[in-house]
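One structure below.
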Amino acid sequence: MSDPIVENKPVLYSYWRSSCSWRVRIALNLKEIPYDIKAVSLIKGGGEQHCNEYREVNPMEQVPSLCIDGHTLIESLNIMHYLEETRPQRPLMPQDCFKRAKVREICEMIASGIQPLQNLIVLIYVGEEKKKEWSQHWITRGFRAIEKLLSTTAGKYCVGDEITLADCCLVPQVFNARRFHVDLRPFPIILRIDRELENHPAFRAAHPSSQPDCPPEVAK
Amino acid sequence: MGKPVLYSYWRSSCSWRVRIALNLKEIPYDIKAVSLIKGGGEQHCNEYREVNPMEQVPSLCIDGHTLIESLNIMHYLEETRPQRPLMPQDCFKRAKVREICEMIASGIQPLQNLIVLIYVGEEKKKEWSQHWITRGFRAIEKLLSTTAGKYCVGDEITLADCCLVPQVFNARRFHVDLRPFPIILRIDRELENHPAFRAAHPSSQPDCPPEVAK
């Protein structure tokens, strides 16, 4: 572990409603790693993520980015795996190789199979008229597959009875599904896990409505 | 236990990543070809849906289990077959490898995946693909300017190289202008004749159409 006198708190570049930022916020909270937030508005002035200064932080011009241990990390799954490797307390991955594979499968199904297709920048490209149907299509397709996988892997949570990185990815994606009015009734296991974690302190603290950049009219 | 079985399509970049990794780690495997074209796509049939509920390739049957999602498969191989490692030891370098992998696997490829292009439509698919590949490559080129040695991260082949080479092939398929990406091109050229990459190339696959195979 790093010397706390030398090291500053990690800094997370985050947008309140970004599901990718939210995944990392949950993981940081679960592992009890204190951090500061630098809010990046994806809306103001065409999106602060595109400004020259932030492009130096993250060349993909996305959130989240995490400044930690003197380095800047991007890509939410990468960040979460880095935290697992360097801060092994409160592990978010099982020990067993196959169970680890199942966690990674769920994470990738969300992080490459669903979210990139309903990402803000893609929806802008798709256009206002078609974006709702487009988002519903890809989220539904992904959730159908995840529900099937969960039927073999889920215990109390996505994989067994301990919270893993899969849960960190799932909850924000369910929120997005609701935003786009996806019919979630075909996905009872997904709904059950989401409900189970709703009131978990780490998840509550990471929720968009708890974020410093959450618009006052939205915050609870 | 029998040899691992990889469900693969010759031109699928995600299948290709795993083929490269299996070859680099000298893990013998059999291929079950899944045509993404025939009859609307064999990946959608009931039998294959039992293998992979996302109805995609690749899937890998190994050690009595079925694994899906190419990055997951590659990390599983790293964890269970540590010979010929494809990840550095250093935590930050490992992070850089994962960054490049994710930029490709979530930042580029899903947006030019066959099923998405069908949805986007014949008229718009070329411009759409070029847009997302160019955007992603711009960011990767920038990252590589700080991480690349002989390969993507330093001087040893890693999972990042396994992801990059197939994506460059896709970029060429969609006529993306690659001149702004000299580091990407250099690494791709460097690996072109590596035996593990050659054996994994679409043109070397059992389901590659004869008119395409070299």
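From a predicted model like this one, the values you see are computed outputs, not experimental measurements. Residue numbering restarts at 1 for every chain, and letters A, B, ... go by the order of the sequence lines. The analysis underlying the following values was restricted to heavy atoms, covering all of them including side chains, and did not include hydrogens, waters or symmetry mates.
- For the options B/Gly136, B/Ala105, B/Pro110, heavy-atom pairs under 4.5 Å to chain A are most numerous at B/Pro110.
- A 6.0 Å sphere centred on CZ of B/Arg84 holds no more than 12 heavy atoms belonging to other residues, nucleotides or ligands.
- With values rounded to the nearest 0.5 angstrom, B/Thr80 atom OG1 is found 11.0 Å from A/Arg100 atom CZ.
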Kindly determine whether A/Met109 and B/Met54 satisfy side chain to side chain contact (heavy atoms under 4.5 Å, CB included), including the steps that lead there.
CA-CA 8 Å; A/Met109 283 158 86; B/Met54 279 297 269; 3.8 Å; yes

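- Considering only heavy-atom pairs separated by less than 4.5 Å from chain A, the leading option among B/Glu79, B/Arg49, B/Gln109, B/Arg98 is B/Arg98.
- The part of A/Gln62 that comes within reach of chain B is its side chain, from C-beta onward, which places non-hydrogen atoms under 4.5 angstrom from that chain.
- Heavy atoms of A/Ile146 lying under 4.5 Å from chain B are absent altogether.
- Applying the 6.0 Å contact sphere to NZ of B/Lys93 captures no more than 12 heavy atoms from other residues, nucleotides or ligands.
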Verdict with supporting geometry, B/Glu69 and A/Ser112, side chain to side chain contact (heavy atoms under 4.5 Å, CB included):
CA-CA 9 Å; B/Glu69 298 297 322; A/Ser112 67; 3.6 Å; yes

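- Judged by distance alone, the side chain of B/Glu99 and the main-chain N or O of A/Ile74 form a donor-acceptor pair under 3.5 Å.
- When the shell of 6.0 Å around NZ of B/Lys142 is examined, it contains more than 12 heavy atoms from other residues, nucleotides or ligands.
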Run the numbers on B/Val116 and A/Trp134 for side chain to side chain contact (heavy atoms under 4.5 Å, CB included), then give the verdict.
CA-CA 10 Å; B/Val116 172; A/Trp134 169 277; 3.9 Å; yes

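- The neighbour count for A/Glu128 CD, taken as heavy atoms of other residues, nucleotides or ligands under 6.0 Å away, does not exceed 12.
- Put simply, of B/Glu102, B/Glu55, B/His75, the one with the most heavy-atom pairs under 4.5 Å next to chain A is B/Glu102.
- Rounding to the nearest 0.5 Å gives a distance of 11.0 Å between SG of A/Cys97 and CG of B/Leu77.
- In the displayed structure, B/Glu156 atom CD is contacted under 6.0 Å by at most 12 heavy atoms of other residues, nucleotides or ligands.
- The part of B/Thr66 that comes within reach of chain A is its backbone (N, CA, C, O), which places non-hydrogen atoms under 4.5 angstrom from that chain.
- In terms of heavy-atom proximity, A/Trp138 sits nearest to B/Ile115 at CH2-O, 3.7 Å.
- The NZ atom of A/Lys102 sits 7.5 Å away from atom CG of B/Asn72, with the distance rounded to the nearest 0.5 Å.
- Neither the backbone nor the side chain of A/Thr152 comes within less than 4.5 Å of any heavy atom of chain B.
- Residues B/Ala95 and A/Leu73 approach most closely at CB-CD2, 3.7 Å, considering heavy atoms.
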